2 protein chains.
Amino acid sequence: MSLPAATVHGDWGSTRLRLFLVRNGTVVDRRSGPGIGALPKPPASVLDAELAPWRVTHAIGRVTLCGMAGSRNGLAEARYADCPCDEAGWAASCTRLESAGTPVMIAPGLACTNRNRAPDVMRGEETQIFGALARAPALAHGRQMLVLPGTHSKWAEIEGGTVRRFHTFFTGELFALLRDRSALTTADPRPEGADEGFSAGLARGGQNLLLGALFEARSAQLRLGRSGGWATGFLSGLLIGRELGEALALHDGDPSPVTIIGASALSCLYAQAFAARDVNVAMLDGDDCALAGLAALDRYLTQETAP
Amino acid sequence: MSLPAATVHGDWGSTRLRLFLVRNGTVVDRRSGPGIGALPKPPASVLDAELAPWRVTHAIGRVTLCGMAGSRNGLAEARYADCPCDEAGWAASCTRLESAGTPVMIAPGLACTNRNRAPDVMRGEETQIFGALARAPALAHGRQMLVLPGTHSKWAEIEGGTVRRFHTFFTGELFALLRDRSALTTADPRPEGADEGFSAGLARGGQNLLLGALFEARSAQLRLGRSGGWATGFLSGLLIGRELGEALALHDGDPSPVTIIGASALSCLYAQAFAARDVNVAMLDGDDCALAGLAALDRYLTQETAP
């Protein structure tokens with residue numbers, strides 16, 4: 001008796017691996033594993049071990065992965081497709097490997113050179129972007145701004161379904177460093193007050209200060225009786241507010257509709273920041289978009305290999 | 001036979017203790033010890049142990065300390081004198097203790113409330129500021145801007161010898177976090193290229209980008225063959241450039257002469273950043289100014305206690 005056919009889609013980032021077993025376009029099982037940044041053994045061995053239980057029950061025709069799986073420390077260093085780039089150009093740049101006889105496709109990242117700036121790169125977010133275009137076809141019409149908040153936030157300009165260019169903001173990693181590794185949030189141990197702190201930070205971020213506003217997280221605890229929770233919220237609001245300030249200044253006069261793609265809690269903080277600047281936004285779930293992007297890539301590869 | 005009389009001056013910061021034995025206005029010996037942030041035992045015991053060798057050879061009339069000695073984790077939480085504040089107002093706010101029968105004076109910090117901002121505080125830099133005024137009396141004339149680069153850079157506006165207000169920039173601590181705790185400088189191990197990177201970062205800092213420019217330190221290694229040394233220099237130039245951008249915008253139209261007070265290597269980086277904006281600066285050594293400030297405080301206390 002032959003095993004039922006299936007494909008595996010996976011988002012392998014720095015901090016976690018998420019694998020999805022897909023049959024006839026439907027996710028029928030999922031597994032989680034370690035991220036590329038914290039692997040106990042070589043990535044190929046980790047992938048083999050994670051796939052093993054599914055090989056018992058299914059004939060896996062292909063594994064399609066995105067994210068840091070394609071980085072220097074991943075399965076293989078995958079290409080960057082150059083912007084401007086549409087779905088076909090992106091999918092055509094896939095890197096092809098094999099795992100225990102099964103073809104493994106790694107999605108390319110995207111690269112672009114902004115005017116007067118160093119080249120910029122992304123790995124993983126491009127899959128969410130093409131997934132968003134698949135899930136919300138209206139995004140393929142006209143000009144759109146897609147904002148993907150996270151460790152390294154990406155602002156991508158889309159036109160007619162093509163990624164024209166994008167810009168990285170170091171917001172999430174900087175927030176984690178300041179929260180966990182500085183003395184800015186530790187003067188007062190009380191956890192409450194984060195929402196109030198966020199609003200205060202957002203207002204401060206609307207001014208043209210970042211280096212000159214960070215220390216306020218601490219001095220407000222020392223001199224105004226604010227809590228450590230308030231200070232953490234303040235840092236979050238300040239950094240997100242500054243990201244919007246810098247990004248909107250870069251796109252001065254661009255009236256493109258904005259769609260936020262990410263986890264809901266973080267997306268809502270960004271939506272608050274946009275609302276404070278009277279900008280309306282749409283929101284899409286980041287995991288849904290990643291899965292849709294992997295499915296789009298898989299469809300492309302299926303057509304390509306059809307007889 | 002009685003021991004020769006002496007006083008001890010000390011700058012006890014977060015990372016190190018520097019003590020100076022002073023006789024007739026001259027430093028005759030010096031010792032170094034652990035900073036307030038890394039003490040092996042209670043600060044009073046550490047101070048006693050550090051003073052012990054000098055007690056054998058000198059009659060110590062007074063110990064005068066500045067910096068984090070007066071913080072919550074120091075010898076005693078010293079007051080903040082409120083701005084505007086001149087030398088007499090500062091010196092009058094000293095905190096008085098005793099160590100094995102010897103009077104110990106702790107310099108107050110300074111506090112101020114900037115318009116539309118949280119209160120700001122300093123501990124240690126005020127002693128360098130009053131020391132600078134003692135060493136360079138011309139600074140007491142008219143309006144002056146004193147810039148004290150460091151972990152938490154301070155920009156102090158002086159008028160007629162009085163500290164009117166000041167503003168803290170989180171530049172030094174942020175640079176150390178990004179250099180040591182992020183992936184921005186580690187993609188390429190080569191150490192060379194720091195000067196070129198500093199110039200590139202300074203130029204980028206002249207634009208209105210910080211969150212949107214940090215990732216360039218990494219992408220330039222991945223895509224342009226820059227070294228890790230270049231990336232570290234880039235971060236330094238970018239942050240110092242942004243500090244100047246933010247600070248000069250805060251003091252828009254203020255033509256006050258600028259004096260940098262600090263260690264010579266760091267002061268020179270700031271001088272380069274000012275030169276890139278066509279601002280001439282004077283420079284004073286930070287250690288010299290700290291010693292001069294402690295001496296000024298000691299003179300004040302001597303007059304005060306004179307019969």
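Heavy atoms only: backbone and side chains are in, while hydrogens, waters and symmetry mates are out. All chains are named by letter (A, B, ...) in the order of the sequence lines, taking the proteins before the strands, and each is independently numbered beginning at 1. Keep in mind that what you see is a predicted model, and the values were worked out from it rather than measured.
The stretch residues 171-182 of chain B places B/Thr171, B/Glu173, B/Leu174, B/Leu177, B/Leu178, B/Arg181, B/Ser182 near chain A, each with some heavy atom under 4.5 Å from a heavy atom of that chain. Within residues 145-153 of chain A, the residues that have a heavy atom under 4.5 Å from a heavy atom of chain B are A/His152, listed by number. Using a 4.5 Å cut-off between non-hydrogen atoms, the part of residues 232-241 of chain B that approaches chain A consists of B/Leu239.
Listed for the A/Trp90 side chain is a donor-acceptor partner under 3.5 Å among the backbone atoms of A/Pro108. The main-chain N or O of A/Ala231 is never found under 3.5 Å from a side-chain atom of A/Gln221 such that the two would form a donor-acceptor pair. Judged by distance alone, the side chain of B/Gln144 and the main-chain N or O of B/Ile158 form no donor-acceptor pair under 3.5 Å. A donor-acceptor pair under 3.5 Å is formed between the side chain of B/Arg79 and the backbone N or O of B/Cys94. A donor-acceptor pair is defined here as one N or O able to donate and one able to accept, closer than 3.5 Å; such a pair exists between the side chain of B/Arg242 and the backbone of B/Gln207.
The contact between A/Arg72 and chain B is made entirely by side chain atoms (from C-beta outward), counting heavy-atom distances below 4.5 Å. Heavy-atom distances place the backbone of A/Ala187, and not its side chain, under 4.5 Å from chain B.
Listed by chain and number, the residues in a salt bridge (charged side-chain N to carboxylate O under 4.0 Å, His left out) with B/Asp195 amount to none (sequence neighbours excluded).
In plain terms, the two heavy atoms of A/Thr127 and A/Ala107 that are nearest each other are OG1-CB, 4.0 Å. Closest of all the heavy-atom pairs between B/Ala213 and B/Arg204 is CB-CG, 3.6 Å. When all heavy atoms of B/Ser267 and B/Ile260 are compared, the closest pair comes out as OG-CG2, 3.5 Å.
Listed options B/Arg223, B/Glu243, B/Arg226 were ranked by heavy-atom pairs under 4.5 angstrom with chain A; first place goes to B/Arg223.
Residues A/Ile36 and A/Ser71 are in side-chain contact: their nearest non-hydrogen atoms beyond the backbone lie under 4.5 Å apart. Side-chain contact check for A/Leu184 versus B/Phe170: some heavy-atom pair is nearer than 4.5 Å.
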(request) Starting from the C-alpha separation in whole Å, work towards a yes-or-no answer on side-chain contact (heavy atoms from CB on, under 4.5 Å) for B/Leu244 and B/Arg277. (result) CA-CA 9 Å; B/Leu244 262 68; B/Arg277 292 171 181 268; 3.7 Å; yes
(request) Apply side-chain contact (heavy atoms from CB on, under 4.5 Å) to B/Trp12 and B/Leu75, showing your working. (result) CA-CA 10 Å; B/Trp12 206 348; B/Leu75 285 171; 4.0 Å; yes
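Ring geometry for B/His251 against B/Trp155 counts as parallel: the plane angle stays under 30°, on a 0 to 90° scale with 60° as the upper cut.
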